[in-house]
There are 2 protein chains.
Amino acid sequence: MSDTVIAQKIATALDQAGQRTTRPRRLIADRLAELAARSTDFSIDDLWQDLRQQDHRLGRATLYRSIEVLLQQRLLDRITYADGSHRYHVCRDNTHYHLTCIQCRRFVEVHLELPIEQCATVCAQTDFSLEGLSLTLFGRCAQCRNELHVSMQPASFPASE
Amino acid sequence: MSDTVIAQKIATALDQAGQRTTRPRRLIADRLAELAARSTDFSIDDLWQDLRQQDHRLGRATLYRSIEVLLQQRLLDRITYADGSHRYHVCRDNTHYHLTCIQCRRFVEVHLELPIEQCATVCAQTDFSLEGLSLTLFGRCAQCRNELHVSMQPASFPASE
DNA sequence: TTTTCTGCAAACGGTTTGCATCGCT
DNA sequence: AGCGATGCAAACCGTTTGCAGAAAA
């Protein structure tokens, strides 16, 4: 999928939810397309700092409002760390899980065959219907493993989530 | 495990991390033991409201400080919802995952055989070492399935976490 | 007596909201 | 022209922190 196609898709998603094609929304869509092309993940603040270079009047609220829509439409992925912070990236596929570095917080999508039936069975035993599931693998990337000087007690490691 | 034993364990955990056995800590340990016995999960605020009935001077900060310690010691579990809110409960076992109702947010521990090797392989391919993983099943409990009048768009459903 | 813990209140950081204005359509 | 979207600033909410006084050891 090319940059432009992604930008289009994002722009469309924003249009569908809201109605108007505005400068801020175009900016956001374009930037997200770039990030998608590079598989780069980001925090809201990262993105805001970025976008403000192109339009220093762009408000945080506007960005939050757009991200909200895109999450709803499942065009963005969000992962939550144990300290409550979030990072986002543009979805590439529909079925995937996340792998994140507990040190630098970079994250990537991974493909796994989970025993969905086993999950459904367990749910049924507890008299729940299975509606969805969330799996995140926490690891350490090669780069961070080599940086031996950094803290061994990263803030992003989930206590027991 | 009886109430008292759990209370003891919690009290000990608090002691180890901090040093002193104080009234607030005893209160917290006792209440958590009760909640554990009933497998009840709770939010920090729930717990604070509760505890204030017994000691109306107990401060929120104290509670946060104790919960922090217990999370560290892995005596408490926390799950995070898409809207960023948290719920806790006392751990029963070491290896388990969570199942939560996307409507009422009640949650329980479940046991699953995940393909850990597959996870490790996927990690290795991306040049990550696997350090941990988090799985949450989102479902709807029988009770909530029967309450047809409630919103069909619960705030707690994870966008794509 | 010493040291740690506590409650309070203020600070914090990320997010949301109210509102006057702007700018698509 | 009309209505939705925007930017701003203030509100919000869960959580953390600084501090003076209280209470374990």
Side-chain angles (χ1 to χ4, degrees), chain A residues 10-29 31 42-72 76 78-88 105 155-156 158-159 161, chain B residues 10-29 31 41-72 76 78-88 105 155-156 159 161:
Chain A
I10 294 170
T12 307
L14 286 171
D15 280 2
Q16 279 184 335
Q19 275 105 24
R20 293 176 185 179
T21 309
T22 61
R23 175 172 160 75
R25 285 177 180 176
R26 265 190 311 264
L27 268 179
I28 293 169
R31 193 82 242 276
F42 53 91
S43 68
I44 296 252
D45 208 64
D46 288 348
L47 187 52
W48 187 63
Q49 299 296 348
D50 258 25
L51 292 171
R52 278 223 307 175
Q53 310 230 335
Q54 281 160 276
D55 179 355
H56 64 94
R57 287 176 41 84
L58 185 125
R60 267 197 167 83
T62 303
L63 185 51
Y64 275 105
R65 290 187 271 237
S66 300
I67 295 292
E68 171 63 25
V69 170
L70 294 171
L71 281 172
Q72 221 86 283
L76 284 185
R78 169 167 70 185
I79 83 167
T80 302
Y81 294 89
D83 66 1
S85 62
H86 295 129
R87 290 188 74 78
Y88 303 80
R105 299 201 174 187
S156 57
E161 294 174 273
Chain B
I10 294 170
T12 307
L14 285 171
D15 280 1
Q16 279 183 334
Q19 276 106 23
R20 294 178 183 179
T21 308
T22 60
R23 174 171 161 73
R25 286 176 179 174
R26 266 190 310 264
L27 268 180
I28 292 169
R31 193 80 243 275
D41 59 84
F42 54 90
S43 67
I44 295 253
D45 207 65
D46 287 349
L47 186 52
W48 186 62
Q49 299 297 346
D50 258 25
L51 291 172
R52 279 224 306 175
Q53 310 230 335
Q54 280 159 278
D55 179 355
H56 64 95
R57 287 177 40 84
L58 184 125
R60 268 197 167 82
T62 303
L63 185 51
Y64 277 104
R65 290 187 271 237
S66 300
I67 294 290
E68 172 63 24
V69 171
L70 294 172
L71 281 172
Q72 222 86 282
L76 284 185
R78 169 167 69 187
I79 82 168
T80 303
Y81 294 89
D83 65 1
S85 62
H86 295 130
R87 290 187 73 78
Y88 304 79
R105 300 201 173 186
S156 57
E161 293 172 274

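Letters A, B, ... are given to chains in the order of the sequence lines, protein chains preceding strands, and every chain is numbered from 1. Values below: all heavy atoms of this structure, side chains included; hydrogens, waters and symmetry mates excluded.
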d(R65(A) CZ, R25(A) CZ) to nearest 0.5 Å is 9.5 Å
Taking [atom1] from [X] and [atom2] from [N], how many angstroms apart are they, rounded to a whole number?
X      : N       : atom1 : atom2 : result
L58(A) : dA5(D)  : CG    : P     : 15 Å
I28(A) : dT6(D)  : CD1   : C1'   : 11 Å
L63(B) : dT17(D) : CG    : P     : 16 Å
E68(A) : dT17(C) : CD    : P     : 10 Å
F42(B) : dG14(D) : CZ    : C1'   : 16 Å
I67(B) : dT6(C)  : CD1   : P     : 13 Å
R26(B) : dT6(C)  : CZ    : P     : 11 Å

Whichever of T22(B) and A61(A) has its nearest DNA chain C nucleotide further upstream toward 5':
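The residue mapped nearer the 5' terminus is T22(B).
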Ignoring hydrogens and angles, are the base of dC3(D) and the side chain of R20(A) linked by a donor-acceptor pair under 3.5 Å?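 Such a pair exists between side chain and base.
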Measure from the side chain of [X], starting at C-beta and using heavy atoms only, and say which of [options] lies closest.
X      : options                   : value
R25(A) : dG7(D), dT15(C), dA5(D)   : dA5(D)
R60(B) : dT6(D), dT17(D), dT15(D)  : dT15(D)
H86(A) : dA25(D), dT15(C), dC5(C)  : dT15(C)
D55(B) : dG7(C), dG14(D), dT6(C)   : dG7(C)
R65(B) : dG14(D), dT15(C), dT17(D) : dT17(D)
R57(A) : dT16(C), dC8(D), dT6(C)   : dC8(D)

- Message: Looking at dT16(D), I'd like to know if its phosphate oxygens (OP1 or OP2) sit under 4.0 Å from a side-chain N or O belonging to Y64(B).
- Response: no
DNA chain D: 5'-proximal contact among G59(A) and D45(B) (nearest heavy atom):
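Closest to the 5' end, via its nearest nucleotide, is G59(A).
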### Message
Please find the pair of heavy atoms, one from A13(A) and one from V69(A), that lie closest to each other, and give the distance.
### Response
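Here A13(A) and V69(A) meet closest at O-CG1, 4.1 Å.
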